[in-house]
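Below is one structure, written out as structure tokens; the observations come after it.
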Amino acid sequence: MSCYFLKTFYIVLLSLLGSGSTVTLKNSSENGEAKCIEKERQALLSFKEGLIDDFGMLSTWTNDTDCCIWKRIQCNSHTAHVQLLHLHGNYSYTPFLRGAINVTSLIHLQYLEHLDLSYNLFFGIYIPDFMGLANLRYLGLSNSDFAGRIPPKLGDLSQLRYLNLRDNYLWGEIPIQIGNLKLLQYLDLGGFFLSGKIPSQIGNLSKLQYLNLGCNYGRNMGHNVSNSLSGAIPFHIGNLPLLHTLRLGGNFDVKAKDAQWLSSLHSLTVLELTSLHNLGSSRQWLQTISKILQNLTELRLVECNLLDNDIQSLFQSHSSNNSLSLALLDLSSNMLTSSSLQLLFNFSLNLQELYLPHNYISLSPSLCLNFPSLTILDLSYGDLASSTVLGNFNISSKLQELHLQSNGLIDSSFLISSTSIRNSLSSLLHIDLSNNMLRSYSIFHWLSNFTTNLRTLHLDFNFLEGSLPDEFGKSMNSLEYLFLSNNKLQGKVPSFFGNVCRLQVLDLSYNKLNGEFPSFIQNSSWCSRPIFRELELSYNKITGKIPESIRLLSELEMLSLDGNSLEGDVTESHLSSFSKLYILSLSYNSLSLKFVSSWIPPFRLTYLALASCKLGKPFPNWLQTQSSLIYLDISDSGISDSVPEWFWNKLQTIYVLNMAHNNLIGSIPDMQLKLPSRPSINLNSNKFEGKVPLFFLQASELLLSSNKFSDLFSFLCGNVTAANLATLDLSDNQIKGQLPDCWRCVGRLLF
């Protein structure tokens with residue numbers, strides 16, 4: 001979820017739309033061209049009102065400016081109609097949008113051709129049908145946590161060329177109306193939860209060039225869910241003649257005629273088949289894939305129960321290393337051994353990416369491999385426990401990524417050394433050794449001597465003991481991401497981290513590190529820019545106070561210090577430089593937060609965890625400035641006050657609220673609120689009284705035990721239905737009388 005995807009989507013878009021409307025992010029009013037139409041400007045402002053813009057993506061969308069100069073918008077240079085809304089987020093980090101999508105506002109954008117809402121956080125929201133947008137050609141909604149069924153009305157968007165709904169929480173069958181999109185060139189419905197048969201109508205999309213139904217490419221995991229596409233593949237010779245990319249995921253009943261259709265796709269260069277469990281038993285399919293192999297640049301056969309013999313049958317007719325253009329091969333989650341790896345060596349000339357996780361591959365001294373063009377090798381979740389890894393890794397002088405997680409690797413796997421090995425590993429940028437059985441410093445010695453340009457290192461979930469050696473810190477000057485969590489590391493946090501000026505993410509959580517708060521902060525002052533974007537030291541044994549010098553880490557976006565023995569006061573001065581901070585977690589220490597009531601923090605948090613910190617008796621009014629919160633835990637924090645009305649408004653955007661084990665008093669106002677996020681609310685062990693407000697029924701989990709609530713009837717028997725409430729705890733309150741029969745309307749309730 002990075003800028004790589006953004007660039008990829010735009011390359012695809014430009015190639016697909018070809019002679020259609022030109023796509024550019026240049027603002028049309030910059031050269032004195034037509035200014036935007038007032039009705040459309042008001043529609044955009046109305047659309048913005050429903051969104052929660054935590055990171056200022058829409059900061060230029062203001063009431064007194066020309067919408068054609070707003071960022072992420074393009075207007076037609078002659079008519080000034082809005083044609084493009086590029087609201088693509090960056091879900092992994094920032095920025096991203098969340099909230100509600102006001103489709104009614106978009107209807108006024110009659111000339112809109114391009115709408116991209118992908119990589120945002122619309123958790124649990126149903127996909128709108130976007131009716132009224134008759135000119136829409138591009139609709140990107142991927143990776144945004146939409147939920148529900150695919151709206152059949154999408155089939156009425158007759159001008160669509162591009163439709164991408166991949167990686168959302170979509171279930172049910174694919175609507176047959178998708179087959180009405182006769183101009184469609186790109187269709188991606190990849191996801192884990194779609195079920196039923198592939199509609200035969202999709203075969204009539206004669207202009208389609210890219211088709212993904214059910215695949216989640218780029219994820220090294222099995223399909224492994226109860227719902228998946230199944231049945232026959234309904235395509236025949238003559239269907240989808242322009243297809244260059246085909247990705248099918250599901251337990252399909254493959255037939256010989258399907259193989260004939262596959263062989264007729266003369267433009268096909270990318271083929272992915274996932275969870276076709278009977279692929280190995282279909283001789284026609286294996287023969288067809290072998291036949292078209294010389295045309296493919298990417299082949300993924302994932303979780304298809306393939307054996308070594310099946311791989312041999314795929315490649316046996318291709319005797320020359322020069323006969324294949326295959327650059328990417330993914331055979332994840334099959335039943336392959338080292339024999340297949342040795343076979344692939346004979347066809348390795350152009351191979352750049354090789355994915356073999358979740359197989360039975362081991363390495364032996366007799367296995368001599370060299371893949372001259374290989375940049376990515378994934379052997380994770382394999383059988384390398386008895387292998388001497390270093391002795392067999394003269395694989396490629398171009399290797400940049402090596403994935404060996406979950407292989408049972410031990411210290412002796414990294415003992416052999418040679419000049420040729422050093423040369424072969426000097427190009428490595430990313431290595432993942434997580435979830436193995438490494439214990440001693442020998443792995444750090446190996447890394448220090450044989451990987452000189454590393455940027456990303458995963459050693460989390462091992463059994464590493466002792467302290468981090470100084471030689472490791474001195475040799476890791478290029479490191480940007482270091483993950484060492486869930487080990488048994490001891491001693492103080494090394495000061496050399498302050499000298500690794502490129503370090504952006506440091507995760508040392510869940511170890512046994514001790515001593516006072518790390519001194520590397522002072523060491524970092526000589527770096528040309530602030531180090532660290534993320535610092536995670538949770539669940540160690542770090543003591544003392546948080547020094548005010550932490551302000552030097554002014555680029556911090558995430559600070560996690562939970563579960564240590566930190567003490568003392570945290571004041572405004574500690575956090576005053578953190579303008580980019582959006583995750584702050586200080587729970588389970590002995591810290592006291594002492595902020596003046598008028599303090600306005602420079603950051604906008606989305607995640608705040610202060611459980612067991614002392615916030616003082618008055619309710620923390622500085623929370624009023626935090627309009628972007630998704631997760632808030634201020635349980636057991638010593639608050640003894642009523643909750644102001646402005647706070648309950650925050651439930652409209654919060655997903656998790658925990659204020660249990662305080663001394664919160666008074667009644668909760670019965671406000672007219674909508675809670676689209678269906679939050680989890682925990683108010684256990686307080687002194688709330690009176691009626692439970694009706695808007696709480698919109699929650700998914702409601703924990704209200706050990707309070708003084710007295711009226712259950714008006715709560716359960718009101719006009720509001722509790723369609724999403726799955727857990728309700730009202731024990732140990734002051735409710736009297738019999739349980740009213742109307743509780744049965746809470747259909748999902750678990751007892």
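Only a predicted model underlies this, so the values are computations on that prediction, with no experimental measurement involved.
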Heavy-atom side-chain contact between N682 and L702 under 4.5 Å: no

Hits for salt bridge (Lys or Arg N to Asp or Glu O under 4.0 Å) against E555, two or more places apart or cross-chain, chain-then-number order -> K580

Determine which pairs satisfy salt bridge (Lys or Arg N to Asp or Glu O under 4.0 Å) with at least one residue from residues 147-156, sequence neighbours left out, and list them in order. K153-D156

Could you tell me whether D188 and R166 have a side-chain N and a carboxylate O separated by less than 4.0 Å? yes

For the residue pair Y210 / N212, report whether a side-chain donor-acceptor contact shorter than 3.5 Å exists. no

May I ask you to decide if the ring planes of F483 and Y481 are parallel, tilted or perpendicular, using 30° and 60° as cut-offs? parallel

Does F146 reach the side chain of L165, with side-chain heavy atoms less than 4.5 Å apart? no

When the aromatic ring centroids of F96 and Y119 are compared, is their separation below 6.0 Å? no

How far apart are the closest heavy atoms of P679 and I654, and which atoms are they? CB-O, 3.2 Å

Under 3.5 Å: donor-acceptor pair, side chain of N76, backbone of T79: yes

State whether a side-chain donor-acceptor pair under 3.5 Å links N143 with S118. no

Which pairs count as ring-ring contact (aromatic ring centres under 6.0 Å, His included) when at least one residue sits in residues 665-690, sequence neighbours excluded? none

Pairwise side chain to side chain donor-acceptor pair (under 3.5 Å) hits with a residue in residues 625-644, at least two apart: D54-S628, S612-D636, D633-S635, S637-N662, S640-N663

Should the ring pair F595 and W622 be called parallel, tilted or perpendicular, given that the plane angle runs from 0 to 90° and is split at 30 and 60? perpendicular

Atom NZ in K71, atom CG in L87: separation rounded to 0.5 Å? 13.5 Å

For a quick check under 3.5 Å, do S585 and D562 share a side-chain donor-acceptor pair by atom type? yes

Are more than 12 heavy atoms from other residues, nucleotides or ligands located less than 6.0 Å from atom OH of Y111? no

Could you check whether the SG atoms of C68 and C75 sit less than 2.5 Å apart, since that is the cutoff I want to apply? yes

Applying salt bridge (Lys or Arg N to Asp or Glu O under 4.0 Å), can you list everything that pairs with D670, at least two apart in sequence or on another chain? none

What pairs with E645 under salt bridge (Lys or Arg N to Asp or Glu O under 4.0 Å), at least two apart in sequence or on another chain? none

Partners of N589 by side chain to side chain contact (heavy atoms under 4.5 Å, CB included), sequence neighbours excluded? N564, L566, L591

I'd like to know if the side chain of T62 pairs up with that of T65 as donor and acceptor (distance under 3.5 Å, no hydrogens or angles considered). yes

Going by heavy atoms in the side chains, are T571 and V596 under 4.5 Å from each other? no

If the condition is side chain to side chain contact (heavy atoms under 4.5 Å, CB included), which residues does A147 pass it with, not counting sequence neighbours? Y169, W171

Side-chain touch Y162/L139, heavy atoms, less than 4.5 angstrom: no

By side chain to side chain contact (heavy atoms under 4.5 Å, CB included) - contacts of S677 (at least two apart): Y655

Scan side-chain atoms only and decide if H81 and E40 contain a donor-acceptor pair under the 3.5 Å cut-off. yes

Residues 594-613 vs salt bridge (Lys or Arg N to Asp or Glu O under 4.0 Å), sequence neighbours excluded, gives D569-K594

If the condition is salt bridge (Lys or Arg N to Asp or Glu O under 4.0 Å), which residues does E548 pass it with, not counting sequence neighbours? R551

Contact check, side chains of M671 and F695, non-hydrogen atoms, under 4.5 Å: yes

Among L121, I583, L605, which one satisfies side-chain contact (heavy atoms from CB on, under 4.5 Å) with I630? L121

Would a 4.5 Å heavy-atom cut-off, applied to side chains only, mark W61 and I73 as touching? yes

Distance-only, no hydrogens or angles: does the R72 side chain make a donor-acceptor pair with backbone N or O of H86 under 3.5 Å? yes

E701 side chain to T727 side chain, donor-acceptor N/O pair below 3.5 angstrom: no

Taken in chain and number order and not counting sequence neighbours, the residues that satisfy side chain to side chain contact (heavy atoms under 4.5 Å, CB included) with K691 are D711, S714

How about Q42 and N63: do any of their side-chain heavy atoms sit closer than 4.5 Å? yes

Using the six-membered ring wherever Trp is involved, compare the ring planes of F619 and F647 and label them parallel, tilted or perpendicular (cut-offs 30° and 60°). perpendicular

Return yes if a side-chain donor-acceptor contact under 3.5 Å exists between S538 and S560, otherwise no. yes

